[in-house]
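Below, read A as the first sequence line, B as the second, and so on, with proteins coming before strands; counting in each chain starts at 1. Atom set for the values below is all heavy atoms of this structure, side chains included, hydrogens, waters and symmetry mates excluded.
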Number of protein chains: 2
Amino acid sequence: MEQQTHLAGTVRPGGRTARVRAAVLEATQDELVERGFHGLAMDQVAARAGVGKTTVYRRWGGPAGLVIDLMTELADQSAPHADTGSVEGDLMANAAGVLGAVADERLGATLQAVIAAATCDEQAEVALREFYLRRVREWAAVVDLAVTRGELPEGTDGMDVVRAVSAPIYYRLLVTREPVDERVAERAVRAALAAARAGAFVR
Amino acid sequence: MEQQTHLAGTVRPGGRTARVRAAVLEATQDELVERGFHGLAMDQVAARAGVGKTTVYRRWGGPAGLVIDLMTELADQSAPHADTGSVEGDLMANAAGVLGAVADERLGATLQAVIAAATCDEQAEVALREFYLRRVREWAAVVDLAVTRGELPEGTDGMDVVRAVSAPIYYRLLVTREPVDERVAERAVRAALAAARAGAFVR
DNA sequence: CCCTTAATGGGTCGCAAGTTCCTTTAAGAT
DNA sequence: ATCTTAAAGGAACTTGCGACCCATTAAGGG
């Protein structure tokens with residue numbers, strides 16, 4: 001007897017399989033908005049997607065699997081870094097993007113779900129780390145450009161500057177649970193920029 | 001028939017009741033270290049504490065209740081802000097404290113558990129917000145002192161400076177899931193301080 | 001030291017999440 | 001168009017968390 005060496009959905013990915021996936025991911029986001037990751041039930045997702053729950057269990061395994069798949073979708077859609085001509089403009093664009101994502105109902109719920117999933121699922125943790133690593137690396141380029149332009153000191157660690165912009169936003173969102181608005185984003189950019197200019201992020 | 005107007009454990013808090021609470025909170029921390037918040041089962045906690053599971057359900061209601069109680073304990077033990085004579089020293093002490101807490105097996109597991117609980121429990125969210133608000137406010141004093149000493153510009157928002165120190169640490173811990181070490185803490189302090197000196201945190 | 005009753009503890013029960021088995025449908029190759 | 005079988009769907013079954021009931025123990029007041 002031949003052992004099953006492939007995952008469901010990989011051999012005949014077209015037609016119904018694709019439609020099922022789209023419906024399930026759609027339903028997952030809806031559920032995340034309404035109930036959050038802790039309340040994400042495979043049952044509910046299947047029912048809302050109009051799909052058998054067996055299928056959802058077989059293809060995604062559990063809530064974490066759903067959320068990981070959702071994030072790979074996000075990763076594909078994520079925009080490249082800005083290029084406004086000044087670091088300030090670029091970092092503001094970055095902060096605005098983060099703020100927008102976090103504030104958006106569906107996107108925000110999805111991001112928070114992945115973060116929650118990463119605390120209890122190995123694969124989700126890896127996926128999350130790689131997602132943000134990619135994202136931070138992508139935007140670090142605006143700092144490197146600024147260095148060549150002479151706006152920031154030689155040797156400035158671009159990734160750390162980008163992290164410094166996002167950190168206060170996520171810190172308030174997840175830890176102190178204070179409201180996050182444009183003022184926070186703007187101040188994060190100003191602080192990161194001032195620190196970078198002073199050479200606090202030089203390797 | 002008289003309705004029960006008090007919570008279990010409030011009328012006879014001495015003796016056994018106190019011993020049960022200590023044993024349960026102890027067991028909860030052990031479980032958090034081994035399984036994390038998502039794997040915190042009332043059953044297991046009761047068994048490890050050598051206590052009936054009915055008691056645990058009655059007094060704490062659920063995993064979130066356990067974790068909230070654990071945090072109130074933490075709040076009582078939390079140390080007052082440092083006073084080394086310089087903002088740099090004080091903020092470094094703060095960063096070291098955060099790093100130490102996060103790195104410590106039991107403390108770190110507890111903190112992460114509360115953060116996780118806050119994403120799915122209203123009371124845990126309130127408790128978490130108040131805990132950090134108190135903590136940040138306490139340490140903001142070192143910035144106010146620095147302003148009076150002339151180390152930092154007039155009008156500097158002390159709470160935002162303190163947040164800026166913690167933010168990168170928690171950001172790495174929860175979001176990007178990168179390792180957190182002294183280098184990260186030190187750089188966070190340097191960046192926050194440079195930004196503060198440049199007036200980025202002036203209200 | 002005794003008495004009242006707060007608080008604990010063991011056992012049982014129900015429900016909902018998750019698993020398994022088998023049938024039905026429709027991709028994709030010929 | 002036809003055929004093979006990947007993939008989905010339906011339903012019964014299992015499991016384990018959380019709730020409830022009632023007996024037992026020991027605080028704390030007299």
Going by atom type alone, with no hydrogens or angles, which donor-acceptor pairs under 3.5 Å involve a side-chain atom of residues 63-77 of chain A and a protein atom two or more places apart or on another chain?
unit_1   : atom_1 : unit_2   : atom_2 : d
Asp69(A) : OD1    : Arg21(A) : NH2    : 2.7
Asp69(A) : OD1    : Thr72(A) : OG1    : 3.4
Asp69(A) : OD2    : Arg21(A) : NE     : 3.0
Asp69(A) : OD2    : Trp60(A) : NE1    : 2.8
Thr72(A) : OG1    : Asp69(A) : O      : 2.6
Glu73(A) : OE1    : Arg21(A) : NH2    : 3.1

Report each atom pair, protein N/O against N/O of nucleotides 22-25 of chain C, whose distance is under 3.5 angstrom.
unit_1  : atom_1 : unit_2   : atom_2 : d
dT25(C) : O2     : Arg16(A) : NH2    : 3.2

Need one value for Arg19(A): base, sugar-phosphate or nothing, where a base atom within 4.0 Å counts as base even if backbone is also close, heavy atoms only.
sugar-phosphate
Return the set of residues passing side chain to side chain contact (heavy atoms under 4.5 Å, CB included) with [X] (not counting sequence neighbours), or none when no residue passes.
{"X": "Leu152(B)", "answer": "Val87(B), Val143(B), Ala146(B), Val147(B), Thr156(B), Ala196(B), Arg197(B)"}
{"X": "Thr54(A)", "answer": "Arg58(A)"}
{"X": "Ala101(B)", "answer": "Leu107(B), Leu111(B)"}
{"X": "Asp144(A)", "answer": "none"}

Rounded to 10 degrees, the angle between the two terminal axes of the helix from dC1(C)-dG30(D) to dT30(C)-dA1(D), each from five pairs:
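Angle reported: 50°, given to the nearest ten degrees.
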Less than 4.0 Å between a side-chain N and a carboxylate O, is that true for Arg172(A) and Asp181(A)?
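Salt bridge: no.
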Please work out which residues in residues 22-33 of chain B have a non-hydrogen atom less than 4.0 Å from an atom of DNA chain C and list them by number.
none
Sorted by number, the residues of residues 38-56 of chain A with heavy-atom contact under 4.0 Å to DNA chain C:
Met42(A), Asp43(A), Lys53(A), Thr54(A)
Throw together a table of side-chain donor-acceptor distances under 3.5 angstrom for residues 37-51 of chain B, partners on residues two or more places apart or in other chains.
unit_1   : atom_1 : unit_2   : atom_2 : d
His38(B) : ND1    : Arg35(B) : O      : 3.4
Arg48(B) : NE     : Glu31(B) : OE2    : 3.0
Arg48(B) : NH2    : Glu31(B) : OE2    : 3.2
Arg48(B) : NH2    : Glu34(B) : OE1    : 2.8
Arg48(B) : NH2    : Glu34(B) : OE2    : 2.9

Under 3.5 Å, which donor-acceptor pairs link side chains of residues 130-140 of chain B to any protein atom two or more places apart or in another chain?
unit_1    : atom_1 : unit_2    : atom_2 : d
Tyr132(B) : OH     : Tyr170(B) : OH     : 2.7
Arg135(B) : NH2    : Ala79(B)  : O      : 3.1
Glu138(B) : OE2    : His81(B)  : N      : 2.7

With a 3.5 Å cut-off and sequence neighbours excluded, list the donor-acceptor pairs that the side chains of residues 117-128 of chain B form with protein atoms.
unit_1    : atom_1 : unit_2    : atom_2 : d
Thr119(B) : OG1    : Ala116(B) : O      : 2.6
Asp121(B) : OD1    : Gln123(B) : N      : 3.0
Asp121(B) : OD1    : Ala124(B) : N      : 2.8

